[in-house]
**Q** 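My questions all concern the structure below.
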Amino acid sequence: MIGGNYIYINLPLLELLELRRRKKKISAAMKLPVIDLSSRDSVSTAIAIRQACIEYGFFYLVNHGVEKELGDSKESYYIGPIADSANAKLNQWPSEESLGNWRSSMESFYWKLFEAGKKLFSLIALSLNLDQHFFEKIGAIDKPSAFLRLLRYPGEMGGHEEICSAHSDCGALTLLITDGVPGLQICRDKSKEPRVWEDVSYMEGAFIVNIGDLMERWTNCLYKSTMHRVKRTGKERYSMAFFLDPHPDCVVECIETCCSQSSPPRFSPIRSGDYMHELFTISPV
């Protein structure tokens, strides 16, 4: 009672308001830029990609042309480059008897992801004030060197907070497809301690795209290779990651539009293959 008047509190209404407040707070914390791959306005799309890569290193990719029905995984599985005859032989496929049509589905899925990735590379080139075919001309994506990784995360992992430890991806771009189970978190400023982790929400039908270390080298740290991890939620989680790595013979060196007298190149040129070899020699997967 306040000032002689009774105030009646509707508890269900308060609970609803609290739920809305929490939802609004969570949405604000997890909102990533959305890039429409089908947009005909390539200039505006390139500008949006530039802003997303500078500020987040992550963004949602919608209207990418890959059907939701393709790619049902049961356990962890690697699919390497399919066009490269030497590497293609390393792919070990389940028999048709055990998983009928699985190989053809995965190969179709791989190529559709690759085509979406190539289109994304051309938009990234435009975002860096380059010719849209820049990455093809320097031999980065003219020959497919992408890997598709199918992952299953168990629901329970004891007392461990992370089921995938904090890291940045080593390649150029990663396209991630998840099943909607939460857990993915990003740290936008990896130089700060303690690290601040933000949840990435699920967007139906969208890929989650992130910049890798080699793209960060190409852009002289203009575009961020953002730290990320998967946190334990107690729920089984499935995801598929498509790693768009440059061809091993491609030389990754600072792009001219990303350096100046006041901002000289931070990294020496290096073959993509040599970089990967050095990295996995130090910390093998």
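All residue numbers in this chain count up from 1 along the given sequence. The analysis underlying the following values was restricted to heavy atoms, covering all of them including side chains, and did not include hydrogens, waters or symmetry mates.
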**Q** Is the shortest heavy-atom distance from the side chain of F135 to the side chain of W218 under 4.5 Å?
**A** yes

**Q** Please indicate whether E236 has more than 12 foreign heavy atoms, meaning atoms of other residues, nucleotides or ligands, lying under 6.0 Å from its CD.
**A** yes

**Q** Between A241 and L176, which heavy-atom pair has the shortest distance, and what is it?
**A** CB-CD1, 4.1 Å

**Q** For the side chain of S104 and the backbone of N101, is there at least one donor-acceptor N/O pair under 3.5 Å apart?
**A** yes

**Q** Would you give the length of the straight line joining atom CE of M227 to atom OG of S168, rounded to the nearest 0.5 angstrom?
**A** 6.0 Å

**Q** Verify side chain to side chain donor-acceptor pair (under 3.5 Å) between Y60 and S201, making sure each step is shown before the conclusion.
**A** CA-CA 10 Å; Y60 295 113; S201 61; 3.0 Å; yes

**Q** Taking G183's backbone N and O only, do any of them form a donor-acceptor pair with K235's side chain (distance below 3.5 Å, no angle check)?
**A** no

**Q** Tell me, please, which residues at least two apart from N210 pass side chain to side chain donor-acceptor pair (under 3.5 Å).
**A** D169

**Q** Would you mind reporting whether R237 and T178 have side-chain heavy atoms less than 4.5 Å apart?
**A** yes

**Q** Just checking, any donor-acceptor pair under 3.5 angstrom between side chains of D245 and S145?
**A** no

**Q** Could you label the plane-to-plane angle of the Y110 and F114 rings as parallel, tilted or perpendicular, counting under 30° as parallel and over 60° as perpendicular?
**A** parallel

**Q** Measure the spacing between CG of D179 and CG of L151 and express it to the nearest 0.5 Å.
**A** 11.0 Å

**Q** For L222, does its backbone N or O pair with a side-chain atom of N220 as donor and acceptor, under 3.5 Å?
**A** no

**Q** Determine the minimum heavy-atom distance between T233 and P182, stating which atoms define it.
**A** CG2-O, 3.4 Å

**Q** Report the distance from atom CD of E216 to atom CD1 of I211, rounding to the nearest 0.5 Å.
**A** 9.5 Å

**Q** Should F207 and L37 be regarded as members of a common hydrophobic cluster, given that ILVMFWY residues are connected when their side-chain heavy atoms come within less than 4.5 Å of each other, either directly or indirectly?
**A** yes

**Q** Is there side-chain contact between V34 and M203, with heavy atoms separated by less than 4.5 Å?
**A** yes

**Q** So do the side chains of L128 and F134 get within less than 4.5 Å of each other, counting heavy atoms only?
**A** no

**Q** Could you tell me if the side chain of L150 sits less than 4.5 Å from the side chain of M106, heavy atoms only?
**A** yes

**Q** Within the distance-only criterion (no hydrogens, no angle test), does the side chain of S108 pair as donor or acceptor with the backbone N or O of S105 below 3.5 angstrom?
**A** no

**Q** Just one of F58, Y56, W197 clears the ring-ring contact (aromatic ring centres under 6.0 Å, His included) bar with H228, so which one?
**A** F58

**Q** Would one find more than 12 heavy atoms of other residues, nucleotides or ligands at under 6.0 Å from atom NZ of K231?
**A** no

**Q** Determine, using the 4.5 Å side-chain heavy-atom cutoff (strictly less than), whether Y223 and F267 are members of one ILVMFWY cluster.
**A** no

**Q** Closest approach of S268 and R217, non-hydrogen atoms and distance?
**A** O-NH2, 2.9 Å

**Q** Shared ILVMFWY cluster between I54 and L173, side chains joined below 4.5 angstrom?
**A** yes

**Q** Walk me through it: do E162 and R195 pass the test salt bridge (Lys or Arg N to Asp or Glu O under 4.0 Å)?
**A** CA-CA 14 Å; E162 300 174 345; R195 288 174 179 160; over 6 Å; no

**Q** Please lay out, stage by stage, how L184 and I208 fare under the test side-chain contact (heavy atoms from CB on, under 4.5 Å).
**A** CA-CA 10 Å; L184 179 62; I208 298 172; 3.9 Å; yes

**Q** Does some side-chain heavy atom of K190 sit less than 4.5 Å from a side-chain heavy atom of S225?
**A** yes

**Q** Is it true that E107 and R103 have a side-chain N and a carboxylate O under 4.0 angstrom from each other?
**A** yes

**Q** Roughly how far, to the nearest 0.5 Å, is the CG atom of D41 from the CG atom of D36?
**A** 10.5 Å

**Q** Any salt bridge (charged side-chain N to carboxylate O under 4.0 Å, His left out) pairs touching residues 246-272, not counting sequence neighbours?
**A** D249-R271, R271-D274

**Q** S272 side chain to C250 main-chain N or O, any donor-acceptor pair under 3.5 Å?
**A** no

**Q** Kindly say whether G205 contributes a backbone atom to a donor-acceptor pair with the side chain of H64 at under 3.5 angstrom?
**A** yes

**Q** When you compare the side chain of L123 with that of S42, does any pair of heavy atoms fall below 4.5 Å?
**A** yes

**Q** Tell me if a side-chain donor or acceptor on K224 pairs with a main-chain N or O of R188 at a distance below 3.5 Å.
**A** yes

**Q** Taking all heavy atoms of A206 and all of V62, pick out the closest pair and write down the distance.
**A** CB-CG1, 3.7 Å

**Q** Would a single hydrophobic cluster contain both V252 and F280, if residues Ile, Leu, Val, Met, Phe, Trp and Tyr are joined by side-chain heavy-atom contacts under 4.5 Å?
**A** yes

**Q** If I compare all heavy atoms of L113 with all of I177, which pair ends up nearest, and what's the gap?
**A** CD2-CD1, 4.2 Å

**Q** To the nearest 0.5 Å, tell me how far F242 CZ sits from F147 CZ.
**A** 10.5 Å

**Q** Looking only at heavy atoms, which two atoms of C170 and Y275 are closest? And how far apart?
**A** O-CE2, 3.5 Å

**Q** Within a radius of less than 6.0 Å around NE2 of H167, do more than 12 heavy atoms belonging to other residues, nucleotides or ligands occur?
**A** yes

**Q** Donor-acceptor check, side chain of S127 to backbone of I49, threshold 3.5 angstrom: yes or no?
**A** no

**Q** If you round to the nearest 0.5 Å, how far is CD1 of I255 from CD1 of I138?
**A** 6.5 Å

**Q** Can you find a heavy atom in the side chain of V66 that is under 4.5 Å from one in the side chain of E115?
**A** no

**Q** Does L126 belong to the same Ile/Leu/Val/Met/Phe/Trp/Tyr cluster as F59, with side-chain heavy atoms less than 4.5 Å apart forming each link?
**A** yes

